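Taking it in order: structure first as structure tokens, then the write-up.
The model shown is predicted, which means the values in this text are computed figures rather than measured ones. Below, chains carry the letters A, B, ... as their sequence lines are ordered, and counting in each starts from 1.
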There are 2 protein chains.
Amino acid sequence: MSRRRPIAAALPAEPLDPAQIAGQVIDGDCIAVMRRLPDACVDMVFADPPYNLQLAGPLHRPNNSRVAGVEDDWDKFADFAAYDAFTHAWMAEARRILKPAGTIWVIGSYHNIFRVGAALQDLEFWILNDVIWRKTNPMPNFRGRRFTNAHETLIWAARDARSRYRFNYKALKQLNDGLQMRSDWLLPICSGPERLKDDDGRKAHATQKPLALLYRVLQAASAPGDLVLDPFFGTGSTGVAAKALGRRFIGIERDPGHVALATSRIAAAPDSADPRLLGGDGFEREPRIAFGLLVEAGLLAVGDTLVDRTGRHQVRVRADGLVEAGRGRSQAIGSIHQMGAKASGGPSCNGWVFWHVSHPDGTLEPIDGLRQHLRAEIARGRDAAADDHDDGDDRMVDEAGDGDLTTYPEQPVS
Amino acid sequence: MSRRRPIAAALPAEPLDPAQIAGQVIDGDCIAVMRRLPDACVDMVFADPPYNLQLAGPLHRPNNSRVAGVEDDWDKFADFAAYDAFTHAWMAEARRILKPAGTIWVIGSYHNIFRVGAALQDLEFWILNDVIWRKTNPMPNFRGRRFTNAHETLIWAARDARSRYRFNYKALKQLNDGLQMRSDWLLPICSGPERLKDDDGRKAHATQKPLALLYRVLQAASAPGDLVLDPFFGTGSTGVAAKALGRRFIGIERDPGHVALATSRIAAAPDSADPRLLGGDGFEREPRIAFGLLVEAGLLAVGDTLVDRTGRHQVRVRADGLVEAGRGRSQAIGSIHQMGAKASGGPSCNGWVFWHVSHPDGTLEPIDGLRQHLRAEIARGRDAAADDHDDGDDRMVDEAGDGDLTTYPEQPVS
DNA sequence: GACGAATCTGAATCCCGTC
DNA sequence: GGACGGGATTCAGATTCGT
């Protein structure tokens with residue numbers, strides 16, 4: 001198989017406490033280290049495993065300079081079977097320590113990504129997307145024998161098919177100028193000052209990933225305070241991005257030199273901004289408003305008529321927070337959603353945007369506008385109350401707006 | 001497994017003659033049909049196999065309209081093992097009938113492409129590139145639970161690691177405005193008039209591929225007259241593109257309705273232009289000129305001195321087409337390329353651009369200039385001769401300039 | 001017929017909290 | 001865990017409809 005270190009079966013398997021080692025880089029084989037972590041303890045895994053590059057010999061540019069490829073021992077495997085066994089082993093451990101709602105990201109190239117993707121499926125991970133990192137500045141194909149290999153592939157997968165995983169949809173839509181984020185991401189490769197060099201000016205790691213890539217991954221599929229594990233930590237880009245975004249991390253790395261480099265790099269890296277600015281989705285779920293509240297608040301009156309956009313359907317507002325249509329035998333009563341579904345003929349309906357009130361000038365306004373009005377009033381009252389108590393060292397923040405409070409220490413503003 | 005037809009073990013396995021059936025659509029299971037073809041008879045395979053989508057239930061757009069998903073029987077497999085067995089079976093046959101220098105293309109999505117890529121590697125195909133088809137107009141993600149699935153993946157692989165496969169580098173570079181063609185291609189999905197409809201106005205096939213995609217694949221990895229096999233022919237886009245580009249094809253399709261549709265579609269499709277305009281690379285490899293020919297042609301004389309760009313190294317021209325440096329014991333003899341490599345210290349060297357002749361005015365000219373001069377003269381003579389014989393039914397064209405002659409029937413100008 | 005608005009559609013593994 | 005019900009969710013391009 002490979003010339004990697006013997007795995008840790010013989011080493012003492014002292015348990016590790018995830019909370020204790022968060023923010024650290026653990027020196028060791030990732031399989032051995034993961035075995036010491038408890039089940040279901042991390043929220044996300046980001047993995048940049050060896051690519052199994054299989055370069056035949058040294059490659060030279062047309063001007064005869066030599067291309068510095070990946071020639072490290074960690075990228076050497078005897079054959080596909082050896083690579084598959086290795087992949088299966090680390091991935092099974094990663095799945096064990098992943099929380100049920102957690103997701104995994106794995107990055108690779110055509111040399112290994114098909115083995116990786118098949119292994120994920122075989123282990124019953126559930127693929128959510130394959131994401132293409134399109135490089136703005138890839139290395140050209142010097143021989144002119146293939147297409148410029150201008151991308152790498154990331155696979156994003158949930159722990160299983162029924163996972164209620166996190167995806168910060170609105171935050172990413174915002175990042176993409178108001179349109180859904182697509183599965184193809186255009187980002188530069190890691191170069192310039194971001195690229196770590198050793199004392200001789202050579203690159204410190206053969207496959208350092210750009211921070212921008214890690215930012216986007218963490219923004220998409222984790223929340224502030226989440227614990228992110230990177231089993232192939234390298235120079236620690238995952239840690240730097242996690243620190244900047246208020247996520248906690250555990251890094252595992254076999255090469256002691258890289259462990260030291262990553263540790264000092266992260267210590268020097270900027271900390272996260274005010275955690276309140278980092279919210280999971282950036283757009284927390286708004287507090288729920290029952291339709292009946294609009295009547296209580298005087299925004300609608302019992303007996304008012306609601307119409308759909310085309311004017312083809314109408315309902316009357318009842319006192320109990322339901323609406324009714326028709327008279328006598330053909331009368332139907334239900335929630336705004338149920339009656340909207342009935343009217344539109346679909347399996348479901350968002351009554352808030354389906355039904356409208358008619359203004360005197362003939363224009364229609366969705367009742368969602370009334371709801372937003374009411375929400376704003378409620379928020380003003382809540383903020384006034386909160387101002388009286390906002391002076392502690394720790395903040396209690398309802399990240400998701402769902403009543404779960406996350407506590408974490410105050411962070412300096414960077 | 002799937003509800004496909006029983007495979008053809010029990011059917012009579014009458015051999016098929018590739019030359020006879022070129023241009024036809026064969027009705028049947030692709031594995032059974034391929035078994036009837038001889039070894040090493042096709043130049044390229046393009047395959048668009050079932051993706052194994054595993055759709056759970058109906059999906060609706062926000063406006064409550066229902067998405068027409070792929071619900072055909074041909075995309076139903078019991079599990080990954082069944083899909084893998086199917087993949088392995090058709091792919092092994094495809095490899096058998098592929099010429100040693102042939103390549104295969106397979107397109108898929110994250111549902112199946114990892115199984116496909118691993119199977120290719122397990123069968124000892126040699127992956128050359130994974131190519132990303134980025135869609136300009138993908139279907140959005142309606143529930144906001146994932147990234148817009150905005151691409152599909154093609155894998156391009158040679159029959160084995162040592163294949164001398166065809167890649168029309170210059171033609172694709174030209175297609176890409178003078179820059180190397182990258183591994184990410186931006187193309188619209190198949191819609192509008194190109195999308196075939198049945199009598200009711202519904203799409204005739206759930207997964208029709210755009211012609212532009214096939215054009216690029218055929219342009220990249222085949223030559224005029226090549227025989228291209230598509231084992232999942234569907235509505236025959238591969239055949240239409242092949243006809244337009246002067247490639248021959250064999251299509252295999254299980255569904256008799258699709259066979260009929262593809263056949264009539266191809267019959268109505270425009271034929272290729274003058275084959276001389278379609279050249280394999282669009283830029284035929286220039287005929288090879290031996291260095292010694294420069295002496296024969298009087299462009300260099302025996303004993304002339306060649307120097308490198310800096311003037312630090314020199315060699316003398318010999319009568320045998322080699323060059324020599326030094327005198328007596330330190331004398332070295334070799335080709336212009338070998339002696340260039342020795343002088344520059346690299347593992348290889350293009351002697352044509354490394355070595356120069358000195359003009360009387362002191363300027364240096366690469367000997368490649370002399371070669372181009374000679375080529376132009378040769379081309380003038382060849383064209384004059386060709387005009388006298390350009391009236392046969394078949395043409396013999398040395399596409400690659402390497403002495404391999406490909407014969408193909410004359411095509412009318414469209 | 002021209003132009004703008006409204007509608008339709010595409011290889012899709014497409015919800016979540018509460019009781 | 002299963003059932004129930006609230007309510008959140010789309011982009012580009014072609015085609016059809018309306019004036």
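Not a single salt bridge (Lys or Arg N to Asp or Glu O under 4.0 Å) links A/R216 to another residue, sequence neighbours left out. Taking B/K209 as the reference, B/D48 meet the side-chain hydrogen bond (donor to acceptor under 3.5 Å, both in side chains) condition, with sequence neighbours excluded. For B/N129, there are no side-chain hydrogen bond (donor to acceptor under 3.5 Å, both in side chains) partners, not counting sequence neighbours. Evaluation of the ring-ring contact (aromatic ring centres under 6.0 Å, His included) rule for B/F114 yields no partner, not counting sequence neighbours. The side-chain contact (heavy atoms from CB on, under 4.5 Å) search around A/Q180 returns A/Y169, B/P140, B/N141, B/T148, not counting sequence neighbours. The side-chain hydrogen bond (donor to acceptor under 3.5 Å, both in side chains) check on B/N64 picks up A/S344, with sequence neighbours excluded. Qualifying side-chain contact (heavy atoms from CB on, under 4.5 Å) partners for A/S330, counting only residues two or more places apart in sequence or in other chains: none. With sequence neighbours excluded, the residues that form a side-chain contact (heavy atoms from CB on, under 4.5 Å) with A/A297 are A/L299, A/L374.
Distance from the side chain of B/V67 is smallest for C/dA12 among the nucleotides D/dG7, C/dA11, C/dA12. Nearest to the side chain of B/A68, among C/dG10, C/dC14, C/dA12, sits C/dG10.
Taking every heavy atom of residues 330-341 of chain A and every atom of DNA chain D, pairs under 4.0 Å involve A/S335, A/H337, A/Q338, by number.
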Listing, residues 313-320 of chain A side-chain donor-acceptor contacts under 3.5 Å, not counting sequence neighbours, or none:
{"unit_1": "A/H313", "atom_1": "NE2", "unit_2": "A/A343", "atom_2": "O", "d": "3.3"}
{"unit_1": "A/R316", "atom_1": "NE", "unit_2": "A/E324", "atom_2": "OE2", "d": "3.4"}
{"unit_1": "A/R316", "atom_1": "NH2", "unit_2": "A/E324", "atom_2": "OE2", "d": "3.1"}
{"unit_1": "A/R316", "atom_1": "NH2", "unit_2": "A/G326", "atom_2": "O", "d": "2.8"}
{"unit_1": "A/R318", "atom_1": "NE", "unit_2": "A/D320", "atom_2": "OD1", "d": "3.2"}
{"unit_1": "A/R318", "atom_1": "NE", "unit_2": "A/D320", "atom_2": "OD2", "d": "3.4"}
{"unit_1": "A/R318", "atom_1": "NH1", "unit_2": "A/E324", "atom_2": "OE1", "d": "3.0"}
{"unit_1": "A/R318", "atom_1": "NH2", "unit_2": "A/D320", "atom_2": "OD2", "d": "2.8"}
{"unit_1": "A/D320", "atom_1": "OD1", "unit_2": "A/L322", "atom_2": "N", "d": "3.0"}

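In this structure, the CG atom of A/D368 is 7 Å from the P atom of D/dA8, given to the nearest Å. For the pair A/L128 CG and C/dA12 P, the interatomic distance rounds to 17 Å; values are reported in whole Å. Rounded to whole angstrom, the span from the CD1 atom of A/I127 across to the C1' atom of C/dA11 amounts to 15 Å. Rounded to an integer number of Å, the gap from B/K203 NZ to C/dT9 P is 9 Å. Between B/D72 atom CG and C/dG10 atom P there is a gap of 12 Å when expressed in whole angstrom units.
If you find the closest nucleotide of DNA chain C to B/D48 and to A/T310, the one lying nearer the 5' end belongs to A/T310.
As judged by a 4.0 angstrom heavy-atom cut-off over every strand, B/T207 is placed among the base-contacting residues. Using a 4.0 Å heavy-atom criterion, one finds that A/R182 contacts no nucleic acid atom at all. Counting non-hydrogen atoms under 4.0 angstrom, A/N129 reaches nothing in the nucleic acid. When heavy atoms are screened at a 4.0 angstrom cut-off, A/I289 is found touching the sugar-phosphate backbone but no base atom. When heavy atoms are screened at a 4.0 angstrom cut-off, B/P210 is found touching no nucleic acid atom at all.
A donor-acceptor contact under 3.5 Å is formed by the side chain of B/K209 with the base of C/dA11. The base of D/dG7 lies outside donor-acceptor range of the side chain of A/R371, with no N or O pair under 3.5 Å.
Seen from the ring of A/Y165, B/R145 counts as a face-on cation partner, given the 6.0 Å and 45° thresholds.
Taking only side-chain nitrogens and oxygens, B/R145 comes nearer than 4.0 Å to OP1 or OP2 of C/dC16. For D/dG7, the OP1/OP2 oxygens have a side-chain nitrogen or oxygen of A/R288 closer than 4.0 Å.
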Check: If pairs are Watson-Crick or G-U with both distances under 3.5 Å, what is the dot-bracket string of DNA chain C, marking crossing pairs with [ ] and pairs to another strand with |?
Finding: .|||||||||....|||||
Next item on the list: Go along nucleotides 9-19 of chain D 5' to 3' and tag each nucleotide: B for a protein heavy atom under 4.0 Å from its base, S when only backbone or sugar atoms are that close, - otherwise.
Entry: BBBSSSS----
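If you take atom P in D/dT10 and the same atom in C/dC16, they sit 14 Å apart, rounded to whole Å.
Shortest non-hydrogen contact noted between A/L187 and A/W133 is O-NE1, 2.9 Å.
Of the listed residues (A/R159, A/R96, A/K99), just one forms a salt bridge (Lys or Arg N to Asp or Glu O under 4.0 Å) with A/D39, and that residue is A/R96.
Counting only distance, with no hydrogens or angles, the side chain of B/Q208 and the backbone of B/L196 share a donor-acceptor pair below 3.5 Å.
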